[in-house]
Every structure is written in C-alpha cells, then in structure tokens.
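Note sheet for the following structure.
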2 protein chains.
Amino acid sequence: MHSTELLKGTLQTIILKILADHGKMYGYEITQRVKELSAGTILLTEGALYPTLHKMEAEGLLRTETEAIGKRIRKYYSLTPVGKNIVEDKVSEFIAFIKTMSTVLNVAIA
Amino acid sequence: MHSTELLKGTLQTIILKILADHGKMYGYEITQRVKELSAGTILLTEGALYPTLHKMEAEGLLRTETEAIGKRIRKYYSLTPVGKNIVEDKVSEFIAFIKTMSTVLNVAIA
DNA sequence: CATAATACCTAATTCTCTTATGCATAAGAC
DNA sequence: GTCTTATGCATAAGAGAATTAGGTATTATG
C-alpha cells in the first residue's frame with residue numbers, strides 16, 4: 001500500500017481517466033479496477049469515492065444510469081461531454097506535475 | 001502554477017531531498033530553491049513550510065543551527081542521521097507511486 | 001447457515017495545506 | 001530620504017480532501 005498522502009488530489013483524475021478508457025462503470029467496479037491495475041497498492045475507500053462521484057455528477061462531469069441486478073441496484077457512471085473535454089487536461093496536468101517533481105527531486109522517472 | 005492538490009503529501013519528500021542534495025539551508029532559501037527548480041510552478045507557502053520544518057525537527061529528521069546575518073537571524077536546517085536514512089525511502093516511495101499511477105491512468109510518463 | 005463478497009450511502013474526525021496576520025531588517029527605486 | 005519590495009521568521013483560523021466508522025441490504029460460497 002502506497003503512502004496515502006501522495007494519492008491526495010488524484011482521485012478525480014483516476015475516475016475520469018478510467019471512465020474514459022472503459023466506458024460506463026459503477027462505483028464498486030471502479031474500486032476493483034483500480035485495485036487490480038495498481039496490484040493492490042491503491043485501495044479506494046468508499047467514504048472518499050462515493051461523495052466524489054456525487055460531486056462530479058453535480059458539477060456536470062459525470063452522468064448516471066441505474067440498473068437493477070436482481071434486487072440489487074447498480075448505479076453506472078459515465079462521462080458527459082464536459083467530462084470528456086477535461087480528461088486529457090487532468091492527465092496532462094498530472095504528467096506536468098510529475099515532470100516538475102522529478103526536476104525538483106533531482107531524480108529520473110521511468 | 002500546478003494544481004496544489006497534487007502537491008499534498010510531497011512537502012516532506014521535497015524538503016528531505018533538497019537538503020540531502022544541497023546540505024544545510026534555511027526556510028526562505030528552500031522556498032526560493034523550489035520555486036527556481038520548478039520554474040515558478042511550485043510555490044511553497046510559509047504557512048505550510050515552517051510548521052512542517054518544526055515538526056520534522058521534533059521528529060528527529062532535521063536539526064537546526066542559528067546564524068546571525070547582521071541583525072537578522074537565519075535558522076539553518078540540515079539532515080540528521082535518521083533523516084539521511086529515510087530520504088531514499090521517501091524518494092523511492094514517490095517513484096513507485098508514479099509508476100503505479102502511470103499504469104492506472106494508462107499513460108506513459110517521460 | 002454463517003461468512004465473505006457485492007453494492008450503495010453518510011457523518012464525524014483527522015490531516016495537510018491555504019489564507020491571513022504579525023513582526024522585523026535590508027535593499028532598491030524614485 | 002522615504003516608500004516599496006525583498007528577506008526572514010512565525011502562528012492561527014479556516015478550507016478541503018481524505019480516513020475511519022458506521023449503516024443497510026442482496027448474493028454467492030463453503
């Protein structure tokens with residue numbers, strides 16, 4: 001498990017990019033996908049994920065559609081046009097940040 | 001100016017590595033060095049820096065020596081043996097985090 | 001049939017940083 | 001010569017994003 005401090009500020013970027021790559025997904029599925037992609041080192045907590053998803057929906061970045069699986073409900077999230085527009089900006093911002101940090105820390109990334 | 005959210009959790013790593021590379025430095029000097037290395041995109045605020053330096057000193061990672069420059073006082077910080085020991089751990093942790101993130105975000109870094 | 005996994009959610013707290021403020025000396029502009 | 005900027009330290013109140021802890025309920029597994 002990575003130091004969770006570093007993860008701060010990356011949650012929205014992760015959500016946006018994963019939805020951009022994979023299409024519609026539900027909350028629990030996002031946690032599992034991130035866990036899998038990160039080899040178990042990034043464990044999104046529900047207390048952080050769900051409020052963030054709701055916030056992003058309220059901001060018009062995501063939209064939802066509900067699906068009933070038996071008696072259980074799944075709430076699928078997908079990108080709105082606005083959301084699609086900012087994905088690359090967010091990813092680019094992250095990459096720029098990494099490059100700056102590698103200079104400041106005087107280390108090679110990659 | 002980078003999104004400051006991403007910066008969270010990196011302050012201690014920055015301080016440790018900069019002191020490791022440059023030897024003793026005082027607070028204001030650290031802010032200027034980081035500003036310079038980051039081409040003005042990372043501006044450490046005093047409200048974050050000073051309390052963090054004090055905390056790291058209290059934790060035994062840094063030690064201080066005061067120097068009078070005219071009537072002004074400079075407080076130089078340098079790494080203790082304990083501090084030196086954890087610098088590479090912190091940097092490695094950051095690099096590992098970056099690699100994980102590049103996989104999760106499905107992007108190439110560098 | 002009990003436990004783990006799936007699936008959603010909110011509230012209280014914690015932690016880190018920003019913003020605002022304060023004090024004081026030194027240098028440069030005009 | 002005085003006014004602004006830069007240097008240099010520091011703390012306190014507040015914001016923001018996460019963790020921790022709690023709640024509800026269905027489905028699969030051993």
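Letters A, B, ... are given to chains in the order of the sequence lines, protein chains preceding strands, and every chain is numbered from 1.
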Does a side-chain heavy-atom distance below 4.5 Å link B/K17 with A/N106? yes

Atom-to-atom span, CD of A/Q32 to P of C/dA7 - whole angstrom: 9 Å

Roughly how many Å is it from CG in A/L44 to P in D/dT20, rounded to a whole number? 14 Å

Which listed nucleotide (C/dT10, D/dA17, C/dA7) is nearest to the side chain of A/R74? C/dA7

Identify whether any heavy atom of B/E46 sits under 4.0 Å from a base atom; if not, whether one sits that close to sugar-phosphate; answer base, sugar-phosphate or nothing. base

Atom-to-atom span, CG of A/L11 to C1' of D/dT19 - whole angstrom: 13 Å

Calculate the interatomic distance between B/E36 atom CD and D/dT7 atom P; express it in whole Å. 12 Å

Counting any heavy atom closer than 4.0 Å, what does A/R72 reach on the DNA or RNA strands: base, sugar-phosphate only, or nothing? base

Given C/dC17, is OP1 or OP2 found less than 4.0 Å from the side-chain N or O atoms of B/T45? no

Please give me the minimum heavy-atom distance between B/Y28 and B/Y50, naming the atom from each residue. N-OH, 3.8 Å

Take atom NZ of B/K71 and atom P of C/dC23, then tell me their distance rounded to the nearest Å. 19 Å

Any A/K8 side-chain nitrogen or oxygen under 4.0 Å from OP1 or OP2 of D/dT19: no

Measure CD1/B/I73 against P/C/dA24 and give the value in whole Å, please. 13 Å

Hey, does A/G70 reach any base, or is it just sugar-phosphate, or nothing, if we go heavy atoms under 4.0 Å? sugar-phosphate

Heavy-atom side-chain contact between A/E65 and A/K24 under 4.5 Å: yes

Of C/dA7, D/dT11, D/dC9, the nucleotide closest to the side chain of B/Y28 is D/dC9

What's the CG-C1' distance between B/L6 and D/dG16, to the nearest Å? 14 Å

Determine: side-chain N/O of B/Y50 to OP1/OP2 of D/dA10, distance under 4.0 Å, yes or no. no

Would one find a side-chain N or O of B/Y26 under 4.0 angstrom from OP1 or OP2 of D/dG8? yes

Check the distance between C/dT16's C1' and B/L53's CG and give it to me in whole angstrom. 15 Å

Answer whether the closest heavy-atom distance between the side chains of B/L6 and A/F94 falls below 4.5 Å. yes

Taking only side-chain N and O atoms of B/H54, does any of them lie within less than 4.0 angstrom of OP1 or OP2 on D/dC9? no

When you measure from the side chain of B/T64 to the backbone N and O of B/K75, does any donor-acceptor pair fall under 3.5 Å? no

Pick the nucleotide of DNA chain D nearest each of B/Y77 and A/T52; which residue has the one closer to the 5' end? B/Y77

